[in-house]
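Letters A, B, ... mirror the listed sequences (proteins, then strands); counts begin at 1.
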Protein chains: 2
Amino acid sequence: MNLKKQPQLSDNVCFAIYSANNAIIRAYKPLLEEYDLTFPQYLVMQALWCEDGVNLTRLSEQTGLDLGTLTPIVKRLETKSLLTREKDSQDERKKVIKLSTSGTSIKLEALKLKQVLLEKVSLNEEALKLLRAHCLTIVGELNL
Amino acid sequence: MNLKKQPQLSDNVCFAIYSANNAIIRAYKPLLEEYDLTFPQYLVMQALWCEDGVNLTRLSEQTGLDLGTLTPIVKRLETKSLLTREKDSQDERKKVIKLSTSGTSIKLEALKLKQVLLEKVSLNEEALKLLRAHCLTIVGELNL
DNA sequence: AACAAATACTTTGCGCACAAAGTATTTTAA
DNA sequence: TTAAAATACTTTGTGCGCAAAGTATTTGTT
């Protein structure tokens, strides 16, 4: 009695993560519209709210994005006057990214969006904690 | 004694999933090069290996991608002669996607890549199962 | 001091991912 | 039996995400 059902795309962990990521970005979109931010831009802002006045390479380490991705994102945030990009006087190769007043001022409000989104998900604290840890394990081990 | 360390970007479940997704796509890239496939193209092929001869809308349901994303992906797979796109004679609005001989022939080999990738990750069967389930819960609940 | 190597960032090209607008076909209803 | 609405797909525009190539500055070596 082989009751195995047809194999499905959703049997895949990788597909599940991929789909969850797309779903999260879609769900954040209407919430972030109020701040005129995309999801990756929101992540960069969060990185800066954690540690301000860093150069692009540091931001790259924090976000896991490469410089070719970050440069245009940070430029767009500069256009929106949420941050400034100026050369490091000590080392002119480096660009120091600093939050502007308005970049800092939206921090508390914008961080609340995380709760708004998570409220839509029935997973409990423990499950989310585990999910986060397992994802970071994958990141760490695949980036070796 | 408040020993809480600085808040980090990686405290976020959403960031963890986002990073895991990027890491998975990066890790698959060299493996998929042999088949001249990108990760999303690989997912579409997997969907077809599960259920062949479907129209774009069905493929959209299976992959969670919208038609505007799928059309160009499927066209590229057609260019690579991995599948055909022909109008449904019953309903000429629909395009029926069918695997070609070569599209079918790489199935067994290409599906092995999943194991190759997962071997790099230390998570056990149980953890992966839970991770997958939790991600699908998020997808289901955010797409309401 | 001079030149090679390393580092930090930018630019270009390609393929997603999606919203919005457009085209074609079918269904529904007046 | 048409006109309106719905459905299926395509196209266009924007913003990632990354590889590869390019520029500028600094460091290391002779």
Polar atom pairs between nucleotides 23-25 of chain C and protein, under 3.5 Å, N or O only, would you list them?
none

Looking for any heavy atom pair under 4.0 Å, which part of the strands does Leu65(A) touch: base, sugar-phosphate only, or nothing? sugar-phosphate
When rounded to whole Å, the CG to C1' distance for the pair Asp36(A) and dT14(D) reads 12 Å
Looking at Lys29(B), does any N or O in its side chain come under 4.0 Å of the phosphate oxygens OP1/OP2 on dG17(D)? no
Spacing of Lys75(A) atom NZ relative to dG15(D) atom P, expressed in whole Å: 13 Å
Report which part of the nucleic acid Thr71(A) touches: base, sugar-phosphate, or nothing (heavy-atom distance under 4.0 Å, all strands). base
Please confirm whether the shortest side-chain N or O distance from Thr57(A) to OP1 or OP2 of dC9(C) is below 4.0 Å. yes
Phosphate OP1/OP2 of dC14(C) contacted by Arg76(B) side-chain N/O (<4.0 Å): no
Rounded to the nearest angstrom, tell me the gap between atom CG in Asp66(B) and atom C1' in dG13(D). 14 Å
Atom-to-atom span, CG of Leu43(B) to P of dC16(C) - whole angstrom: 10 Å
Tell me what Ile25(A) touches on the nucleic acid: a base, only sugar-phosphate, or nothing, going by heavy atoms under 4.0 Å. nothing
Does Arg85(A) reach a base, just sugar-phosphate, or nothing at all? Heavy atoms under 4.0 Å. sugar-phosphate
Taking any heavy-atom pair under 4.0 Å as a contact, classify Thr69(B): base, sugar-phosphate, or nothing. base
Please report, rounded to the nearest Å, how far the P atom of dC16(C) is from the CG atom of Leu67(B). 15 Å
Using whole Å, what does the distance between atom P of nucleotide dT26(D) and atom CD of Gln90(A) come to? 10 Å
So Thr38(B), base contact, sugar-phosphate only, or nothing? Heavy-atom distance under 4.0 Å. sugar-phosphate
Is Gln41(A) near enough to dC16(D) that one of its side-chain N or O atoms lies under 4.0 angstrom from OP1 or OP2? yes
Just checking Leu70(A): base, sugar-phosphate only, or nothing, at a heavy-atom cut-off of under 4.0 Å? nothing
